There are 2 protein chains.
Amino acid sequence: MKVINDSPRRKVLTRQAAQLFVQEGFDRTTVRMLAQEMGIKSGSLFHHFRDKQEILAAVIEEGTQNALAIARATLEHCGPTAEARLQAMARAHLETLLTDRNAHVVALYEWRRLDAQARDHLSHLRDAYEALWEAVIDDALAAGLIHGDRFLVARFVMGALNWTVRWYDPNGPRSPDDLAHELVAMITHRPA
Amino acid sequence: MKVINDSPRRKVLTRQAAQLFVQEGFDRTTVRMLAQEMGIKSGSLFHHFRDKQEILAAVIEEGTQNALAIARATLEHCGPTAEARLQAMARAHLETLLTDRNAHVVALYEWRRLDAQARDHLSHLRDAYEALWEAVIDDALAAGLIHGDRFLVARFVMGALNWTVRWYDPNGPRSPDDLAHELVAMITHRPA
DNA sequence: GGATCAACCAAGCAAGCGCTAGTGTAATTC
DNA sequence: GAATTACACTAGCGCTTGCTTGGTTGATCC
């Protein structure tokens with residue numbers, strides 16, 4: 001019985017699981033519900049995942065990997081100014097939060113359901129992502145674009161952005177780009 | 001069998017429940033765990049609360065009521081300038097988040113576990129609290145202290161503040177007052 | 001054309017869940 | 001001093017949970 005793999009099939013199952021985890025929360029999502037969503041029986045589920053927790057870890061891992069990849073790509077293809085980079089990161093963050101919404105909502109809400117070992121592994125990924133942010137914020141501080149404690153500024157900005165999953169309506173009038181603009185304007189000590 | 005009451009005993013039990021809900025999450029907290037924490041047997045628990053959900057609602061209600069009361073009191077005892085009011089609200093929010101931490105973490109993480117009727121009742125309370133914020137932000141906008149869309153600014157600020165529960169260390173070097181200062185400085189388009 | 005293997009299923013176990021029923025008891029009320 | 005009340009107990013019902021077991025299927029490989 002092979003359990004750990006990253007077959008394409010597993011990716012699909014992971015995405016379906018994310019959907020359910022968002023709707024019901026991790027604890028209320030039973031393996032029977034997961035299996036039904038996947039079109040298999042509950043027993044078969046354990047052919048793809050060692051246990052229920054591993055499904056959660058897979059969901060969060062995929063979302064974080066995507067966010068990291070998108071952020072890196074974005075930073076390579078935007079202008080070199082501190083303002084452009086700041087704005088690009090904000091937009092990338094919001095777009096990830098919306099296109100890959102399920103995985104990120106799960107990461108935000110169900111992080112504490114991970115066992116110690118998964119949490120350790122995944123927090124390294126998250127640290128890598130946050131390091132990108134801190135670099136961009138350092139640039140903005142050095143350029144005089146914003147002022148203050150880099151640690152605090154980074155966390156305030158991430159908080160404002162992550163909080164959007166609780167109120168943002170993708171079908172509303174505002175685009176992710178609008179939000180990024182508005183946020184950067186808010187924290188920038190310089191007329192846009 | 002009387003069930004609904006707001007005896008002082010119930011307040012204590014509610015606070016103990018909040019503690020457990022933070023540690024384990026609502027779903028993973030069993031009525032047996034709650035009862036043990038309270039020093040009674042699981043059956044006795046249902047003398048004080050109709051069911052498990054009612055305990056959750058009680059926890060969140062108490063936290064929100066406190067936040068609302070503190071915010072109102074703070075607004076009455078601070079200076080009249082837009083900046084003073086903004087700062088006072090930020091500090092009040094952070095202090096509530098820290099002194100009454102358990103209840104607020106529960107409100108943030110377990111909101112969706114409320115049944116429709118409790119959620120309806122409590123969202124009115126929350127709306128009242130957010131209305132205070134929007135008034136303060138309107139003042140700040142009118143005073144030219146900050147710029148932008150009032151809806152977005154309010155949500156960005158609340159996001160930055162609420163996110164603090166995930167990283168703030170009460171035993172660290174920074175006081176809530178420091179945080180409030182830094183946040184207001186960050187979003188204020190005017191040298192402090 | 002036998003061997004291998006991933007993918008699935010039916011059946012069910014042991015544990016734990018929220019909650020109820022019925023009872024005991026000390027304090028309070030009339 | 002009888003009745004009521006608040007609060008706690010014991011015992012357990014009915015159900016769901018995550019997960020295991022043992023076996024079947026169809027495709028692929030040599």
Side-chain angles (χ1 to χ4, degrees), chain A residues 1-60 106 109-110 112-119, chain B residues 1-21 23-60 106 110 112-119:
Chain A
M1 171 168 56
K2 202 175 163 197
V3 165
I4 302 176
N5 59 18
D6 31 52
S7 62
R9 171 94 188 149
R10 193 171 135 134
K11 280 221 163 162
V12 176
L13 299 182
T14 300
R15 202 154 316 185
Q16 290 174 312
Q19 165 87 17
L20 263 178
F21 287 161
V22 169
Q23 273 175 38
E24 307 289 331
F26 176 71
D27 289 323
R28 281 179 126 78
T29 304
T30 68
V31 294
R32 287 165 179 78
M33 292 164 68
L34 287 164
Q36 188 170 28
E37 184 82 5
M38 296 168 179
I40 57 180
K41 299 295 176 182
S42 71
S44 314
L45 203 154
F46 295 90
H47 174 74
H48 300 279
F49 301 93
R50 198 190 314 271
D51 54 25
K52 195 187 164 194
Q53 285 233 29
E54 197 181 81
I55 309 178
L56 177 62
V59 167
I60 296 182
V106 170
Y109 278 94
E110 315 286 358
R112 300 174 320 152
R113 303 287 162 263
L114 292 167
D115 56 53
Q117 147 186 1
R119 190 154 47 208
Chain B
M1 170 168 60
K2 203 177 168 198
V3 167
I4 301 177
N5 59 18
D6 31 52
S7 64
R9 181 78 211 270
R10 195 173 135 129
K11 281 221 162 161
V12 176
L13 299 182
T14 301
R15 203 152 317 187
Q16 290 174 312
Q19 165 88 16
L20 263 179
F21 287 162
Q23 273 174 37
E24 308 288 330
F26 177 71
D27 289 321
R28 285 179 123 79
T29 304
T30 69
V31 293
R32 287 164 179 81
M33 292 164 66
L34 286 165
Q36 188 171 27
E37 184 81 6
M38 296 167 178
I40 57 180
K41 299 294 177 183
S42 72
S44 313
L45 201 152
F46 295 91
H47 174 74
H48 301 277
F49 302 93
R50 197 190 315 274
D51 54 25
K52 194 186 162 192
Q53 286 234 25
E54 199 182 79
I55 310 179
L56 177 62
V59 167
I60 295 181
V106 170
E110 315 286 356
R112 300 175 320 153
R113 302 286 162 262
L114 293 167
D115 56 54
Q117 147 186 359
R119 191 154 48 207

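This structure is a prediction, so every number in the text was calculated from the model and none was measured. Below, chain A is the first sequence line, B the second, and so on; all start at residue 1.
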Looking only at heavy atoms, which two atoms of [X] and [Y] are closest? And how far apart?
X: B/D115; Y: B/Q53; value: N-OE1, 3.0 Å
X: A/V59; Y: A/A18; value: CG1-CB, 3.7 Å
X: A/R113; Y: B/R28; value: CD-NH1, 3.8 Å

Does some side-chain heavy atom of B/V106 sit less than 4.5 Å from a side-chain heavy atom of B/F26? no
When you compare the side chain of B/R15 with that of B/V12, does any pair of heavy atoms fall below 4.5 Å? no
Gap between atoms [atom1] and [atom2], on [X] and [N] respectively (whole Å):
X: B/R28; N: C/dC17; atom1: CZ; atom2: P; result: 10 Å
X: A/F46; N: C/dG12; atom1: CZ; atom2: P; result: 18 Å
X: B/Q53; N: C/dC17; atom1: CD; atom2: P; result: 17 Å
X: B/L45; N: D/dA8; atom1: CG; atom2: C1'; result: 12 Å
X: B/E24; N: C/dG16; atom1: CD; atom2: C1'; result: 15 Å
X: A/Q36; N: C/dA10; atom1: CD; atom2: C1'; result: 16 Å
X: B/R50; N: C/dT20; atom1: CZ; atom2: P; result: 11 Å
X: B/F49; N: D/dC7; atom1: CZ; atom2: P; result: 12 Å

Within 45° of the ring axis of A/F46 and under 6.0 Å from its six-membered ring centre, is that where the NZ or CZ of A/K52 lies? no
Lys NZ or Arg CZ of B/R112 over A/Y109 ring: under 6.0 Å, within 45°: yes
D/dA8 phosphate, OP1 or OP2, under 4.0 Å from B/R9 side-chain N/O: yes
Are A/H47 and C/dA7 close enough that a side-chain N or O sits under 4.0 Å from OP1 or OP2? yes
Quick one: side chains of residues 29-45 of chain A, donor-acceptor pairs under 3.5 Å with protein atoms, not counting sequence neighbours, listed by atom name and distance.
from  : atom 1 : to    : atom 2 : distance (Å)
A/T29 : OG1    : A/G25 : O      : 2.6
A/T30 : OG1    : A/R32 : N      : 3.4
A/T30 : OG1    : A/M33 : N      : 3.0

With a 4.0 Å cut-off, would you call B/E54 and B/R10 a salt bridge? yes
Please produce a list of atom pairs where a protein N or O lies less than 3.5 Å from an N or O of nucleotides 23-29 of chain D.
none

Out of [options], which has the shortest distance to the side chain of [X]?
X: B/H48; options: D/dC19, D/dC7, C/dC19; answer: D/dC7
X: B/T30; options: D/dT17, C/dC17, C/dC19; answer: C/dC17
X: B/D51; options: C/dA7, C/dC19, D/dA6; answer: C/dC19

Which letters describe nucleotides 9-14 of chain D, given B = protein heavy atom under 4.0 Å from base, S = only from sugar-phosphate, - = neither? BB-B--
